[in-house]
Amino acid sequence: MTADNNPMRPYLGRLAGVRDLATGIKLFQVELTEPEGQATIGTYRPGQFAFVSAFGAGEAPFGIASVRGPYLEFAVNAIGHVTHTLHALEVGDPVGVRGPLGNWFPLDEIKGRDIVILGGGIGGAPLRPVIQTVLDRRADYGHLTILWAARSPDLLVFTDEFDEWAAAPDTEFHVTVDRGDDRWQGHVGLITKLLEEVDPATQNAVAITCGPPIMIHFVFLTLQKLGFTPQQMLTTLEARMHCGIGKCGRCNMGEKFICIDGPVFWQYEVAEFLEGFL
Ligand SMILES: Cc1cc2nc3c(=O)[nH]c(=O)nc-3n(C[C@H](O)[C@H](O)[C@H](O)COP(=O)(O)OP(=O)(O)OC[C@H]3O[C@@H](n4cnc5c(N)ncnc54)[C@H](O)[C@@H]3O)c2cc1C
């Protein structure tokens, strides 16, 4: 987990690939070049995150966006100093990675259950490794329902994977946007409206969601209305944080730290916290 036993020292790496995912969002593939760093790549679990450094600009935390392949993948929305600097990098440029950090989705514990995925905007990125895991170990899980959403069509992430998801065995895929455009012919409306229409079976199901806090709040309420219990709903949260290892005290939620007690939480652990975003 740490380079030189120093939890703040990133593993050195370089950008192996960059591609546009959506407006203002790029997917970065990172190759770690130190043997100690390379050894971490297969150890990331869906839900975990890492700090990615743009040297000279700083570092910022990002959820792991893939558990397939030889590289670490991160979906990065350009909103500030570090993220804009990352967006300006090119293939081959050096980066640093500090991770894996945080807890993960309890995918071993929920084997045999139906899985309902609800991703909003870039919040779909940390859910992609969950989808990959369920698809790669299809027999281990029940029915898979994926509900994917964004404010507008240009903000939908991983559109090039929609066909694979929709065609997977025992899987249904639904996508919606808050507002369409001239070319959009799909569903229009909030993800909560789509959720009510799809009305997934609750018995033996677990719902996993990520998106803006306000979306998570209303998705949880809608799931409850459909019959899901707090023990059947998971999410992953973001917060401003500097260290990622429970020392800086920036990301606390009551007595819990999002960096070490999370970022993955059950609904009953975060429901009150989410009400603060209303
Ligand atoms: C566990 C975790 C996982 C994350 N995963 C992703 C991911 O997969 N993809 C992604 O693009 N981002 C992700 N983020 C958010 C990302 O870390 C921030 O966008 C990043 O730190 C911004 O850095 P910056 O220097 O570019 O922006 P800054 O210059 O620091 O800030 C720009 C603006 O964004 C606001 N801001 C910065 N960070 C956050 C935040 N965490 N929440 C709300 N507002 C913020 C600031 O207040 C400021 O207004 C994650 C955060 C956490 C804690």
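First listed ligand is number 1; within each ligand, the first listed atom is number 1.
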Open item on the list: Show the atoms of ligand 1 that are less than 4.0 angstrom away from any heavy atom in Val76.
Closed with: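 Counting atoms of ligand 1 from 1, those under 4.0 Å from Val76 are 11 (O).
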TODO: Pull out every atom of ligand 1 sitting under 4.0 Å from any heavy atom of Ile122, numbered as shown with elements.
DONE: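 Atoms satisfying the 4.0 Å criterion: 9 (N), 10 (C), 11 (O).
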Open item on the list: Judged on heavy-atom distance to atom 28 (P) of ligand 1, which of Gly80, Ala60, Gly102, Cys210 sits nearest?
Closed with: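 That would be Gly80.
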TODO: Would you check, one step at a time, whether the test side chain to side chain contact (heavy atoms under 4.5 Å, CB included) holds for Val52 with Leu72?
DONE: CA-CA 10 Å; Val52 179; Leu72 295 176; over 6 Å; no
Under-4.0 Å protein heavy-atom contact, [atom]:
atom                    : answer
atom 49 (O) of ligand 1 : no
atom 32 (C) of ligand 1 : yes
atom 13 (C) of ligand 1 : yes

- [ ] Fit a plane to each ring of Phe173 and Trp165, take the angle between them on a 0 to 90° scale, and name the class: parallel (under 30°), tilted (30 to 60°) or perpendicular (over 60°).
- [x]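 If you compare the ring of Phe173 with that of Trp165, the planes turn out perpendicular.
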Name the closest protein heavy atom to [atom], giving the residue it belongs to and the distance to 0.1 Å.
atom                    : result
atom 45 (C) of ligand 1 : Arg240 CD, 3.9 Å
atom 1 (C) of ligand 1  : Phe49 CG, 3.7 Å
atom 15 (C) of ligand 1 : Glu238 OE1, 3.4 Å
atom 26 (O) of ligand 1 : Thr83 OG1, 2.5 Å
atom 29 (O) of ligand 1 : His81 N, 3.0 Å
atom 34 (O) of ligand 1 : Ile79 CD1, 3.1 Å
atom 53 (C) of ligand 1 : Ala239 O, 3.1 Å
atom 11 (O) of ligand 1 : Asn77 N, 2.8 Å

Task: Arg9/Glu34 salt bridge by N-O under 4.0 Å criterion - done: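 Yes.
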Task: Salt-bridge contact Glu164-Arg68 (side-chain N to carboxylate O under 4.0 Å) - done: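 Salt bridge between Glu164 and Arg68, a charged N being under 4.0 Å from a carboxylate O: yes.
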Please classify the [X] to ligand 1 contact at 4.0 Å (heavy-atom distances, strictly less than): side chain, backbone, both or neither.
X      : answer
Phe62  : both
Ala78  : neither
Thr236 : neither

Open item on the list: If I compare all heavy atoms of Cys259 with all of Ile245, which pair ends up nearest, and what's the gap?
Closed with: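 It is SG-N, 3.9 Å.
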Open item on the list: If you compare all heavy atoms of Met253 against all heavy atoms of Ile258, which two are closest, and at what distance to 0.1 Å?
Closed with: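 Looking at all heavy atoms of both residues, the shortest contact is CB-CG1, 4.4 Å.
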Has ligand 1 got any nitrogen or oxygen that is less than 3.5 angstrom from a nitrogen or oxygen of [X]?
X     : value
Gly63 : yes
Val82 : yes
Pro61 : yes

Task: Pair Glu197-His187, side-chain donor/acceptor within less than 3.5 Å - done: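 Indeed, the side chains of Glu197 and His187 share at least one donor-acceptor pair under 3.5 Å.
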Task: Under 3.5 Å side-chain donor-acceptor pair for Gln132 and Ser66 - done: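 Looking only at side-chain atoms, Ser66 and Gln132 do form a donor-acceptor pair, the distance falling under 3.5 Å.
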Open item on the list: Do Phe158 and Val116 land in one hydrophobic cluster if side-chain heavy atoms of ILVMFWY residues count as linked below 4.5 Å?
Closed with: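 The answer is no; the residues belong to distinct hydrophobic clusters.
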Open item on the list: Is there a continuous path of hydrophobic side-chain contacts, each under 4.5 Å between heavy atoms, that joins Met233 to Val130?
Closed with: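 No, separate clusters.
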Task: Test side chain to side chain contact (heavy atoms under 4.5 Å, CB included) applied to Phe265 and Leu274, Leu234, Val270, the passing residue - done: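 Checked Leu274, Leu234, Val270 against Phe265; only one passes side chain to side chain contact (heavy atoms under 4.5 Å, CB included): Val270.
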TODO: Apply side-chain contact (heavy atoms from CB on, under 4.5 Å) to Asp20 and list each qualifying residue two or more places apart in sequence or on a separate chain.
DONE: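 With neighbours one apart ignored, the set is Lys26.
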- [ ] Work out whether the distance between some heavy atom of Ala75 and some atom of ligand 1 is less than 4.0 Å.
- [x]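 The answer is yes, since Ala75 has a heavy atom less than 4.0 Å from ligand 1.
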- [ ] Please test Asp170 against Tyr141 for side chain to side chain contact (heavy atoms under 4.5 Å, CB included), starting from the C-alpha separation and ending with a verdict.
- [x] CA-CA 10 Å; Asp170 201 11; Tyr141 298 91; over 6 Å; no
